[in-house]
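So the structure is just underneath, and the comments pick up after that.
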Amino acid sequence: MYDFAIFWDWMAFAVRWLHVITAIAWIGSSFYFIALDLGLNRDIPGPADGEEWQVHGGGFYHIQKYLVAPERMPDHLTWFKWESYATWLSGAALLMIVYWVGGELYLIDAQKADLALWQGILISAASLTIGWLVYDFLCKSSLGQRPTLLMILLFCLLVVMGWGYNQIFTGRAMMLHLGAFTATIMTANVFFIIMPNQRIVVDDLKNGRTPDPKYGKIAKLRSTHNNYLTLPVVFLMLSNHYPLAFATEYNWIIAALVFLMGVTIRHYFNTRHARAGNPTWTWLVTALLFIAIMWLSSVPMYRPLEEAEATPLTPYEQRFAAAEGFEEAHDIVLGRCSMCHAREPVWEGILWAPKGVLLETEADIARNAQQIYLQAGVTHAMPPANVTYMEPEDRAALIRWFRNADL
């Protein structure tokens with residue numbers, strides 16, 4: 001089983017690597033085409049809606065856009081879809097690896113909701129589907145003709161979901177799931193709306209019919225939503241590395257403000273790309289939103305040490321607390337790690353527990369057994385630069401303890 005822990009950690013790393021690569025491809029192509037569309041020179045003769053000359057990599061590119069479709073189907077047509085699909089699939093796999101399989105540690109907050117792990121997983125999966133259904137219903141209603149109001153309602157939906165997730169999940173899981181919720185909407189836009197509409201246009205061209213412009217308008221609305229949602233999703237996916245973002249009572253409000261920052265940032269760049277002005281006021285608004293986020297992050301979410309020590313251990317924690325060698329491992333962790341990984345760290349320069357990992361109580365140490373095993377036992381990642389002088393025999397003791405629990 002301890003060999004499986006190493007394999008599983010590498011599996012998570014590989015899937016995360018894939019997720020980052022595919023996300024770069026998707027975001028890059030999305031940002032490029034939005035900038036291209038906004039910056040087209042539309043004062044040109046002929047049937048094309050606009051054109052652009054670009055230079056890159058030692059060559060010149062001449063790009064033309066047709067508002068509905070060209071007169072005939074071109075011999076070669078490049079589709080942009082797999083970047084989105086691969087990003088969502090790899091992200092879903094990573095969510096399962098980290099938050100479903102590792103649910104005892106990362107998913108359910110027992111202080112918020114008395115749920116079994118399978119119930120938390122069910123809520124995790126179902127919420128992603130429900131979010132898309134609600135959003136799609138709003139877009140297909142009369143609100144589709146009122147894009148500003150639709151965006152406001154979408155923002156309200158995201159805020160409500162952030163608050164709802166925070167009633168059940170850990171702060172870290174709340175941020176990640178809100179990002180997954182939003183990313184599911186974005187990929188579903190591509191899979192269920194944008195690509196089918198493009199196929200209808202292509203089919204009309206192949207069969208000599210005049211394509212209906214409504215399909216392009218619908219697809220562009222969804223693509224615009226994706227454009228404004230991208231930056232907040234990236235923030236939410238990175239937030240698990242920063243406890244100042246997730247380990248606070250107001251983490252769901254922080255997430256809401258991040259969505260507003262995404263709007264102000266993209267509005268600036270979209271306006272510039274469209275050559276419609278230079279809205280520098282967005283810089284001030286973005287800065288003020290970020291200052292508000294920093295202020296909200298200063299409110300800690302950790303329970304007092306006395307309350308944490310009095311809380312009964314969960315079955316998962318009991319398994320490691322009862323393993324042979326736990327008392328020795330407990331003393332090693334307290335002596336070598338807890339000065340930083342504490343509710344009130346005492347190591348100079350450390351103000352918050354790194355990555356929100358607490359190692360003060362028996363429950364803290366038992367809950368983080370696998371990470372202790374990987375970070376301070378199998379590898380020498382912790383303590384950083386071995387600043388607390390953890391001896392080889394200490395690391396060997398941590399390895400024995402973890403393996404005793406998993407035998």
Side-chain angles (χ1 to χ4, degrees), residues 1-13 15-16 19 88-131 161-181 183-184 236-237 239-240 243 246-247 251-252 255 301-303 307-308 310-323 326 355-359 361-375 401-407:
M1 286 300 295
Y2 53 81
D3 287 335
F4 178 77
I6 295 174
F7 165 81
W8 195 251
D9 206 54
W10 272 110
M11 179 64 69
F13 190 2
V15 175
R16 190 182 300 273
H19 185 52
W88 190 89
L89 290 171
S90 59
L94 189 60
L95 183 145
M96 295 175 190
I97 290 172
V98 176
Y99 291 92
W100 291 9
V101 177
E104 295 93 346
L105 178 58
Y106 296 123
L107 184 62
I108 301 295
D109 189 333
Q111 302 303 311
K112 297 177 180 178
D114 184 17
L115 295 174
L117 178 57
W118 68 268
Q119 293 173 312
I121 293 174
L122 184 62
I123 293 171
S124 169
S127 65
L128 304 183
T129 304
I130 293 171
M161 286 305 302
W163 176 85
Y165 280 136
N166 197 49
Q167 305 309 302
I168 300 172
F169 296 155
T170 64
R172 171 175 168 164
M174 183 281 293
M175 288 285 199
L176 189 284
H177 276 76
L178 188 57
F181 178 92
T184 299
L236 294 170
M237 295 309 181
S239 65
N240 66 314
F246 67 78
N251 46 26
W252 64 278
M301 191 175 65
Y302 303 132
R303 290 174 295 143
E307 182 181 339
T311 302
L313 274 64
T314 66
Y316 178 82
E317 295 163 352
Q318 291 173 4
R319 173 175 151 213
F320 288 98
F326 175 71
K355 297 192 73 171
V357 176
L358 301 174
L359 299 173
T361 70
E362 291 188 356
D364 292 339
I365 295 169
R367 186 183 314 116
N368 290 283
Q370 181 169 314
Q371 286 305 308
I372 293 171
Y373 167 71
L374 293 173
Q375 301 284 341
W401 161 58
F402 180 82
R403 293 179 175 179
N404 286 337
D406 262 3
L407 289 179

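Because the structure is predicted, anything quoted here is derived from the model rather than measured.
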Next on the checklist: One pair to check against side chain to side chain contact (heavy atoms under 4.5 Å, CB included): Leu359 and Ile372. What are the steps and the verdict?
Outcome noted: CA-CA 10 Å; Leu359 299 173; Ile372 293 171; 3.9 Å; yes
Checklist entry - Given Trp118, which of Leu122, Leu115, Ile121 fulfils the side chain to side chain contact (heavy atoms under 4.5 Å, CB included) condition? => result Leu122
Checklist entry - Minimum heavy-atom separation for Thr170 to Leu105, with atom names? => result CG2-O, 4.5 Å
Checklist entry - At what distance, to the nearest 0.5 angstrom, does CG of Leu128 lie from CD1 of Ile123? => result 12.0 Å
Checklist entry - Where do Phe169 and Lys112 land on the side chain to side chain contact (heavy atoms under 4.5 Å, CB included) test, with the steps shown first? => result CA-CA 7 Å; Phe169 296 155; Lys112 297 177 180 178; over 6 Å; no
Checklist entry - Backbone N or O of Ala5 within a donor-acceptor pair of the Asp9 side chain at under 3.5 Å? => result no
Checklist entry - Rounded to the nearest 0.5 Å, how far apart are CD1 of Ile108 and OG1 of Thr314? => result 12.0 Å
Item to check | For the student: nearest non-hydrogen atoms of Ala323 and Ala405, plus distance | outcome: CB-CB, 3.5 Å
Checklist entry - Angle class for the Tyr165/Phe181 ring planes (parallel below 30°, perpendicular above 60°, tilted otherwise)? => result perpendicular
Item to check | Side-chain heavy-atom pair Ile97, Met11 within 4.5 angstrom cut-off | outcome: yes
Checklist entry - Is there a donor-acceptor pair under 3.5 Å between the side chain of Asn166 and the backbone N or O of Trp163? => result no
Next on the checklist: Tell me if the centroids of the rings in Phe7 and Trp10 come within less than 6.0 Å of each other.
Outcome noted: no
Checklist outcome for this item: Phe246 and Lys355 have their tightest heavy-atom pair at CZ-O, 3.5 Å
Checklist entry - Asp364 and Glu317: side chain to side chain contact (heavy atoms under 4.5 Å, CB included), yes or no, with the steps? => result CA-CA 8 Å; Asp364 292 339; Glu317 295 163 352; over 6 Å; no
Next on the checklist: Please give me the minimum heavy-atom distance between Glu104 and Leu117, naming the atom from each residue.
Outcome noted: OE2-CD2, 3.7 Å
Item to check | Beyond-backbone contact of Met174 with Ile168, side-chain heavy atoms, under 4.5 angstrom | outcome: no
Checklist entry - So, Gln167 side chain and Gly164 main chain: donor-acceptor pair closer than 3.5 Å or not? => result no
Next on the checklist: Are Phe402 and Phe320 an aromatic pair, judged by ring center distance below 6.0 Å?
Outcome noted: yes
Checklist entry - Can you name the closest pair of heavy atoms from Val98 and Arg16 and give their distance? => result CG2-NH2, 4.1 Å
Checklist entry - How far apart are the C-alpha atoms of Met237 and Leu176, what are their side-chain angles, what is the distance that settles it, and do they pass the side chain to side chain contact (heavy atoms under 4.5 Å, CB included) test? => result CA-CA 6 Å; Met237 295 309 181; Leu176 189 284; 3.4 Å; yes
Item to check | Non-hydrogen side-chain atoms of Tyr99 and His177 separated by less than 4.5 Å | outcome: yes
Checklist entry - If you round to the nearest 0.5 Å, how far is CD1 of Ile6 from CD of Gln370? => result 10.0 Å
Checklist entry - Taking all non-hydrogen atoms of both residues, which atom of Gly162 and which atom of Leu178 are closest, and how far apart? => result N-CD1, 3.9 Å
Checklist entry - Between the side chain of Gln371 and the main-chain N/O of Asn368, is any donor-acceptor distance below 3.5 Å? => result no
Next on the checklist: For Gly120, is there any backbone N or O sitting under 3.5 Å from a side-chain donor or acceptor partner on Ser124?
Outcome noted: no
Checklist entry - Are side-chain heavy atoms of Arg367 and Leu358 found at a separation under 4.5 Å? => result no
Checklist outcome for this item: Taken to the nearest 0.5 Å, the spacing of Leu313 CG from Arg319 CZ works out to 13.5 Å
Next on the checklist: Nearest 0.5 Å, please: how far is OH in Tyr106 from CZ in Arg172?
Outcome noted: 4.5 Å
Item to check | Side chain His19, main chain Gly91, donor-acceptor under 3.5 Å | outcome: yes
